Structures are given as structure tokens and as C-alpha cells.
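Only this structure's heavy atoms are used, side chains among them; waters, hydrogens and symmetry mates stay out. Ligands are counted one by one from 1 in listed order, and the atoms in each one are counted from 1 as well. Counting from 1, the numbers follow the sequence of the chain as shown. All of these numbers come straight from a predicted model, not from anything done at the bench.
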Amino acid sequence: MDIMNISSSCHSDFLRQVEEESGQNLSLCYQCGKCTAGCPYSLEYDIPVSRIMRLVQIGRKEQVLRSESLWLCATCESCSVRCPNEIDVARIMDVLRHMARKEGYAGIKTIKTFWDSFLGSARKNGRIFEVGLLMKYITQTGRFWTDLTLGPRMLPKGKIHFTPHVIKGRKEIAEIFRRYEEEYGK
Ligand code: SF4
Ligand code: SF4
């Protein structure tokens, strides 16, 4: 039987912090498991989403922030819709992912690298520059053969551009990133 060791490495402030940042009352969760039952990624998760909610309740910060599940979550919101206590579970997963990122945890490094490259591209160009994003991702992860076969098929369809398309509101978008970092950190 899987028993949680509640006494080991508990952070009493963790629940309060997650509730404050997400605006959710996670204390209402009574472990019915409906969120996990509806989660399309349950089979891939190292920790099911309902169990993550429980681990947050008992302050198991490190275990939660190290979890691969945070990086696999697709923010589909099925868990939020199914929760009988109207807890926005997807929002909590988002907050946890952000905390993990801020505190240097990356359950799945390649996914974190992709996110960072994606956001960096949006910040710099005002929209995504696919080739630049891909080059950054490949050089940082060493996955040189990723989606190699897609290029020749997309090229004739005009789907690949070799220079970024700079939009009018580029400065305003960069300003959104700046304000976000000012408030919540990188
Ligand atoms: S939002 Fe994430 S945790 Fe919730 S059901 Fe979708 S994939 Fe699962
Ligand atoms: S559906 Fe809601 S109450 Fe049930 S386990 Fe998930 S978060 Fe907790």
C-alpha cells in the first residue's frame, strides 16, 4: 500500500502560498479523484493530479515541484470542470509549474527548454519565429534529428520563413513580459 510520510520535508507555508497565487481554496479538496479520472495525461503522469493536490495540502513542496506531471499538463481544464468543489485545478497546476520554473526545478528538461524558447521568441519578435525557436531548442537540447522530416514537406507550402515577421505591437508585447517579470519574477 502506498503511504505518504507526512512528517518528512513538509513546508507548512506551501499550501497558503499556492492558494494565494492561484486564488483557489485547495483546502476544500476531499480527494474524490474526479480530476484524475478525467485527465487525458493520467497514464503518463508520475504523480496523478488529485495526488498532487493532496501533496500540496500537506506541504510536500519539493516532491510536487520535482514532478514531471507539471510539465506534461496540457491545461485542457477537464479537471477544473469536473471538480465538485469548483476548484480550478488547471490554474493550480499552472501556478505550480511557474513555481517550479522559478525555483530551478524542471521535471522534464526538454519541455521546459521548449517553453523558454517559445516565450523568448514571442518576447523578441512579438510573435513566434518558428525557425529561430527550433534552432534555439535544438542547440540547447542536442536533439538534432527532431522533426527533421517535417522541413522538406513544409517548405513548398510556404510554412517556413527564414527571417522573423516583426509585428507592429512588438514593443507592447515586450512590455507585457517586463511587467509580468516585475510582478512575479522570471
Ligand atoms: S488541465 Fe492538466 S491536470 Fe487538468 S485534466 Fe488537463 S492535462 Fe490533466
Ligand atoms: S476533483 Fe476536486 S475535490 Fe476531487 S480530488 Fe480533484 S481537486 Fe480534489
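- Close contacts between ligand 2 and Tyr30 involve ligand atoms 3 (S) [criterion: under 4.0 Å to a heavy atom].
- For Tyr41, the OH atom counts as loosely surrounded, since its 6.0 Å shell holds 12 or fewer non-hydrogen atoms of other residues, nucleotides or ligands.
- In terms of protein heavy-atom proximity, atom 3 (S) of ligand 1 is closest to Tyr45 OH, 3.4 Å.
- A salt bridge between Arg123 and Glu181 is present, with a side-chain N of the basic residue lying under 4.0 Å from a carboxylate O of the acidic one.
- With contacts defined as side-chain heavy-atom distances shorter than 4.5 Å, the pair Arg91/Glu77 does not qualify.
- For the pair Glu175 and Arg178, the salt-bridge criterion is met [side-chain N within less than 4.0 Å of a carboxylate O].
- Nearest protein heavy-atom contact of atom 8 (Fe) of ligand 1 is Cys39 SG, 2.3 Å.
- Proximity to Pro84 (heavy-atom distance under 4.0 Å) selects the following atoms of ligand 2: 1 (S).
- Closest heavy-atom approach to atom 1 (S) of ligand 2 within the set Cys35, Cys29, Ala37: this belongs to Cys35.
- By the 4.5 Å heavy-atom criterion applied to side chains, Arg54 and Cys29 are not counted as neighbours.
- Heavy-atom contacts of Asn85 reach the following atoms of ligand 2: 3 (S) (cutoff under 4.0 Å).
- In summary, the atoms of ligand 1 found under 4.0 Å from a heavy atom of Tyr41, numbered by their order in the structure, are 7 (S).
- At least one heavy atom of Gln31 sits less than 4.0 Å from an atom of ligand 2.
- For atom 6 (Fe) of ligand 1, the closest non-hydrogen atom of the protein is Cys76 SG, 2.3 Å.
- For atom 4 (Fe) of ligand 2, the closest non-hydrogen atom on the protein side is Cys32 SG, 2.3 Å.
- Using a 4.0 Å cut-off to heavy atoms of Ala90, the atoms of ligand 1 that qualify are 1 (S).
- Among all protein heavy atoms, the one lying closest to atom 2 (Fe) of ligand 2 is Cys83 SG, 2.4 Å.
- A distance-only check finds a donor-acceptor pair linking the side chain of Gln57 to the backbone of Leu26 [under 3.5 Å].
- To the nearest 0.5 angstrom, Leu65 atom CG is 7.0 Å from Leu70 atom CG.
- Remark: distances from the non-hydrogen atoms of Thr75 to ligand 1 include one below 4.0 Å.
- Annotation: the span from Ile111 atom CD1 to Leu72 atom CG amounts to 4.5 Å, rounded to 0.5 Å.
- The number of heavy-atom neighbours closer than 6.0 Å to CZ of Phe118, taken from other residues, nucleotides and ligands shown, is 12 or below.
- Among Ser78, Cys79, Ser50, Ala74, the residue whose heavy atom lies nearest to atom 7 (S) of ligand 1 is Ala74.
- Ligand-side atoms of ligand 2 in range of Val89: 7 (S), range being under 4.0 angstrom from any heavy atom.
- Ile92 has its side chain within reach of Met53: a pair of non-hydrogen atoms, C-beta onward, lies under 4.5 Å apart.
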